[in-house]
Amino acid sequence: MSVGESGRSSSEEPWPVRVVSQKVGAWIARLGWVWVDGQVAQISRRPGASTVFLTLRDPSADLSLTVTTNRDVLDAGAPELREGARVVLHAKPEFYAARGTLSLRADEIRQVGLGELLARLEKLKKLLAAEGLFDRARKRRLPFLPGRVGLITGRASAAERDVLTNARRRWPAVEFRTVNVAVQGTGAVTQIVDALRVLDADPTVDVIVIARGGGGIEDLLPFSDEALCRAVFACRTPVVSAIGHEADTPLVDYVADVRASTPTDAAKRVVPDLGEELRLIGQARHRLERAVRNLVDRESHRLDGLRSRPVLARPQVMVEQRATEIAALRQRAGRCLDHRLGAAGEDLRHTLARLRALSPAATLDRGYAIVQRADGHVVRSAGEVGGGDPLRVRLAEGELAATVDG
């Protein structure tokens, strides 16, 4: 037995559509009764008919189911039911094989009260906080002057007018890319998430503002939807939440990078005030000019002080002082040299006197003579010469030749 690409044995016969529909219906019939939560998108009450038709929509997905119930069941569980209300119903899934459609048959309908809504929102808030969607560390700072502001709001709404008017009043050159969506009702979440993705993908949009006017808790429910909160958290572009009034705090306020109390407050946060910035620039320029002027004045006084010093007021004084010092040093050196030369001359005269006193010439001057033999030996005794030896006699002036005769 061979098996084809479809995974079905080649020997198996294909099922007719009606058989598939019947098997699906049989499987759904085995589900039994279930509790279903959703938002009423449409109510159809036909006059005189005991059956009421509801369209139940999932607020977080583009999905809806038809619900049939008895008028008495609706009057007993939710007599004031309106479109857009949140309900919980006990129903049995039914599959209509002839048309291939799925519906619900309800035997009990309960409109979700405000207390229950708040409890569910508080539970979702704790879940998102535990996952880090409210973490302050991940919140981004808004750009000082965005090139373009993305605005998600209702068409021709007061919120849109407040944001545009106040932002342009503060900074006339600001540019907006506005995406109008439903801000309440069954399709609001899907439209807001789609608009958020479009603006986040636009490289010219530097900040995104989600704005809506005030309303009741039920009206603001789309802005506490889990899908919207996760979409805001996933944005790469900073997001400003401006939903309702100061007292309104949907969950998207905690996820957004900046929470504005009102749409007007959002306009003040996304763009600076041109007049205020010009005033600050003027103040900064004034402080800068004053600082430069003070610096110049201080340095001018410092230069004046330096110029007033004698060394700069009369530079020749320094030369004169050095010339005087050099003259004094020269005089001292001259005196010292004269003194040393005088002392040396006196010493020389004393030495000459001693030399003259000890000189043989001085002795000769006193009448003495020096007798020398022919070889120049000085004769100190008579025994050193014999008869007939020639002698030379030196006198103070001149000398005599003599011969020993005895």
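Numbers for residues simply follow the sequence, beginning at 1.
Closest approach of Val193 to Ala231, counting heavy atoms only: CG1-CB, 4.1 Å. Here the shortest heavy-atom pairing between Leu251 and Cys229 reads CB-SG, 3.7 Å. Shortest non-hydrogen contact noted between Asp200 and Cys235 is OD2-CA, 3.6 Å. Glu175 and Gly147 make their closest contact through CB-O, 3.8 Å (heavy atoms, listed as atom of the first residue, atom of the second, distance). Contact record, Ser224 with Leu121: CB-CD2, 3.6 Å, taken as the closest heavy-atom pair. Between Ala266 and Val240, the shortest heavy-atom contact is CB-CG1, 4.1 Å.
Electrostatic pairing of Lys139 and Asp257 does not count as a salt bridge here, judged by no charged N lying under 4.0 Å from a carboxylate O. Comment: Asp202 engages Arg177 in a salt bridge, judged by a side-chain N to carboxylate O separation of less than 4.0 angstrom. With respect to Arg71 and Asp75, no salt bridge is recorded, no charged nitrogen being found less than 4.0 Å from a carboxylate O. Look at Glu320 and Arg322 and you find no salt bridge, because none of the NZ, NE, NH1 or NH2 atoms lies under 4.0 Å from a carboxylate O. By the 4.0 Å N-to-carboxylate-O rule, Asp37 lies close enough to Arg86 to be salt-bridged with it. Taking 4.0 Å as the cut-off between side-chain N and carboxylate O, Arg230 and Glu226 count as a salt-bridged pair.
Rounding to the nearest 0.5 Å places CD1 of Ile210 at 5.0 Å from CD1 of Ile152. Between the CG atom of Leu31 and the CD atom of Glu94 there is a distance of 11.5 Å, given to the nearest 0.5 Å. Between atom CZ of residue Arg290 and atom CZ of residue Arg293 there is a gap of 9.0 Å, rounded to the nearest 0.5 Å. Trp33 CH2 to Leu104 CG: the interatomic distance, rounded to the nearest 0.5 Å, is 10.0 Å. Between Arg269 atom CZ and Asp265 atom CG the span is 4.5 Å, to the nearest 0.5 Å. Atom CG of Leu65 is separated from atom CG of Leu102 by 5.5 Å, given to the nearest 0.5 angstrom.
Residues Val87 and Leu81 are in side-chain contact: their nearest non-hydrogen atoms beyond the backbone lie under 4.5 Å apart. Under the 4.5 Å side-chain criterion, counting only non-hydrogen atoms from C-beta, Ser64 is not in contact with Leu56. Using a 4.5 Å heavy-atom cutoff, the side chains of Val270 and Val209 are in contact. Contact annotation: the side chain of Phe223 never approaches that of Gln184 to less than 4.5 Å [non-hydrogen atoms, C-beta and beyond]. Counting only heavy atoms from C-beta outward, the side chains of Thr237 and Leu199 never approach each other to under 4.5 Å. Counting heavy atoms from C-beta on, the side chains of Leu54 and Thr66 never come closer than 4.5 Å. Using a 4.5 Å heavy-atom threshold, the side chains of Val34 and Val36 count as touching. With a 4.5 Å cut-off on side-chain heavy atoms, Val174 and Val149 count as touching.
In this structure Glu397 satisfies the salt bridge (charged side-chain N to carboxylate O under 4.0 Å, His left out) test with no other residue, sequence neighbours excluded. Every residue two or more places apart in sequence or in another chain was checked for a salt bridge (charged side-chain N to carboxylate O under 4.0 Å, His left out) with Arg141, and none qualifies. Residues forming a side-chain contact (heavy atoms from CB on, under 4.5 Å) with Ser241 (at least two apart in sequence, or on another chain): Ile243, Val252, Asp253, Ala256. With sequence neighbours excluded, no residue forms a salt bridge (charged side-chain N to carboxylate O under 4.0 Å, His left out) with Arg155. With sequence neighbours excluded, the residues satisfying salt bridge (charged side-chain N to carboxylate O under 4.0 Å, His left out) with Glu299 are Arg302.
Listed for the Arg287 side chain is no donor-acceptor partner under 3.5 Å among the backbone atoms of Glu289. Remark: side-chain polar atoms of Arg392 are not paired, donor with acceptor, to backbone N or O of Ala401 under 3.5 angstrom. In terms of modelled atom types and a separation under 3.5 Å, the side chain of Arg170 and the main chain of Lys268 share a donor-acceptor contact. A donor-acceptor pair is defined here as one N or O able to donate and one able to accept, closer than 3.5 Å; no such pair exists between the side chain of Arg394 and the backbone of Gln372. No donor-acceptor distance shorter than 3.5 angstrom exists from the side chain of Thr153 to the backbone of Ala159, with no hydrogens or angles considered. Judged purely by atom type and a 3.5 angstrom limit, Glu160 uses its side chain to pair as donor or acceptor with the backbone of Ala156. Under a 3.5 Å cut-off, the side chain of Glu276 and the backbone N or O of Pro272 do not form any donor-acceptor pair. No side-chain donor-acceptor contact under 3.5 Å links Ser300 to the backbone of Asp297. Put simply, the side chain of Thr69 gets close to the backbone of Ala106: a donor and an acceptor are under 3.5 Å apart. Side chain of Thr165 to backbone of Asp162: no donor-acceptor contact under 3.5 angstrom is found.
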Point to revise | Audit row: Leu391, Val379, side chain to side chain contact (heavy atoms under 4.5 Å, CB included) steps and yes/no | key: CA-CA 9 Å; Leu391 298 175; Val379 178; 4.3 Å; yes
Point to revise | Worked check of side chain to side chain contact (heavy atoms under 4.5 Å, CB included) between Asp194 and Ile192 | key: CA-CA 5 Å; Asp194 291 342; Ile192 296 173; over 6 Å; no
Check your understanding: Should Glu246 and Arg259 be marked as a salt bridge (Lys or Arg N to Asp or Glu O under 4.0 Å) after you check the CA-CA gap, both sets of side-chain angles, and the distance that decides it?
Key -> CA-CA 10 Å; Glu246 177 67 32; Arg259 186 245 178 189; 3.4 Å; yes
Practice item. Take Gln42 and Arg57 through the test side chain to side chain donor-acceptor pair (under 3.5 Å) and record every step on the way to the result. Key: CA-CA 9 Å; Gln42 184 178 359; Arg57 186 181 183 86; over 6 Å; no
Exercise for review: Take Asp338 and Arg335, measure what side chain to side chain contact (heavy atoms under 4.5 Å, CB included) needs, and give me the verdict at the end.
Suggested key: CA-CA 5 Å; Asp338 292 342; Arg335 289 195 301 270; 5.7 Å; no
Review point. For Arg45 and Phe53, what are the C-alpha separation, side-chain angles and deciding distance, and is it a side chain to side chain contact (heavy atoms under 4.5 Å, CB included)?
Key: CA-CA 7 Å; Arg45 294 185 178 93; Phe53 296 91; over 6 Å; no
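Residue pairs meeting the ring pair (Phe, Tyr, Trp, His ring centres under 6.0 Å) criterion with at least one partner in residues 239-292, sequence neighbours excluded, are Phe134-Tyr254.
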